[in-house]
Amino acid sequence: MKTAVITGTSRRLGAYLAEQLTQAGYRVIGLTRQQNPAQPFSQIELDYQRSDSVLEAAAQLKQQLGQLDLLVHNASLFEKDQQHQQDPAAFYQALFAVHMQLPALLNQQLLPLLQASGAGNIVHITDIYADNPNPAFALYCSTKAGLENLMKSAAKAYAPLVRVNSIQPGPIQFLPEHSSEEKQQVMQQTLIATEAGFEPILKGVRFLVDNPFVTGLSLKIDGGRALGK
Ligand SMILES: NC(=O)c1ccc[n+]([C@@H]2O[C@H](COP(=O)([O-])OP(=O)(O)OC[C@H]3O[C@@H](n4cnc5c(N)ncnc54)[C@H](OP(=O)(O)O)[C@@H]3O)[C@@H](O)[C@H]2O)c1
């Protein structure tokens with residue numbers, strides 16, 4: 001049975017990927033801030049902000065699994081810089097922890113399990129904003145760019161046994177706090193002007209896993225938003 005570890009599985013894309021891969025026959029383990037017994041896959045609870053908690057979760061995975069076929073870095077914190085004017089340093093630290101420290105430590109710790117699979121895959125879920133930042137989200141964008149860069153180092157270091165790629169989503173699903181003006185503005189800049197949902201990202205993960213000659217690729221799945229009109 002193939003195994004997958006996905007971070008941030010409580011809701012939205014992470015929950016969807018974990019459910020779909022479970023249905024496809026994977027043994028999925030979600031790494032999450034809070035376990036949800038109603039979800040149809042096993043979970044390990046951790047605090048993304050604390051490196052000792054991340055290392056403890058990695059140690060549990062090493063005890064539970066003989067090999068790992070797929071590792072997806074999905075957990076994310078998407079908030080405007082303006083929301084954190086009181087303590088920007090704490091906000092930046094939190095972004096660094098979830099977008100860079102967590103993936104870097106997991107890649108390092110779980111590498112032997114990925115190598116044991118004989119054809120391990122790591123997918124970093126980044127953002128089109130990693131290449132073309134939105135200044136209202138400058139701190140978020142800079143740590144997603146860090147996640148993108150980590151992908152490239154890992155692709156070089158882990159080849160050929162483990163392939164490492166990223167997916168840069170565009171507008172797949174707005175957050176409830178997005179205003180209708182913000183939504184309209186994004187749609188106006190998107191060639192395929194629709195909120196795509198999560199299936200295109202699953203298709204991207206499948207493509208990266210299934211294609212043995214792809215590593216170090218940043219795959220935009222964005223309806224052409226990065227190109228713009
Ligand atoms: N939605 C979009 O249109 C869009 C566009 C571009 C890029 N992306 C990227 O695609 C991925 C999935 O998007 P999404 O919209 O499904 O993400 P999301 O719901 O905002 O967050 C993904 C996961 O991160 C964890 N999380 C949420 N808030 C957090 C916080 N404040 N601190 C730490 N962890 C937090 C949650 O996992 P747990 O509760 O299980 O820990 C959540 O399930 C993300 O990496 C995102 O950056 C999404």
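Order of listing sets the numbers, starting from 1, for every ligand and every atom in it.
Using a heavy-atom distance under 4.0 Å as the criterion, the protein contacts of ligand 1 are Gly8, Thr9, Ser10, Arg11, Arg12, Leu13, Thr32, Arg33, Tyr48, Asn74, Ala75, Ser76, Leu77, Ile125, Thr126, Asp127, Tyr140, Lys144, Pro169, Gly170, Pro171, Ile172, Gln173.
Remark: of the listed residues Leu31, Leu17, Thr9, Thr7, Leu17 is the sole one forming a side-chain contact (heavy atoms from CB on, under 4.5 Å) with Val72.
At most 12 heavy atoms of other shown residues, nucleotides or ligands fall within 6.0 angstrom of atom CD in Glu181. Counting heavy-atom neighbours within 6.0 Å of Gln83 CD, excluding the residue itself, gives a total above 12. For Lys62, the NZ atom counts as densely surrounded, since its 6.0 Å shell holds more than 12 non-hydrogen atoms of other residues, nucleotides or ligands.
Leu147 and Ile125 fall into different hydrophobic clusters, where Ile, Leu, Val, Met, Phe, Trp and Tyr are joined by side-chain heavy atoms under 4.5 Å apart, directly or via other members.
The two residues Met100 and Leu150 come nearest to each other via the heavy atoms O-CD1, 3.6 Å.
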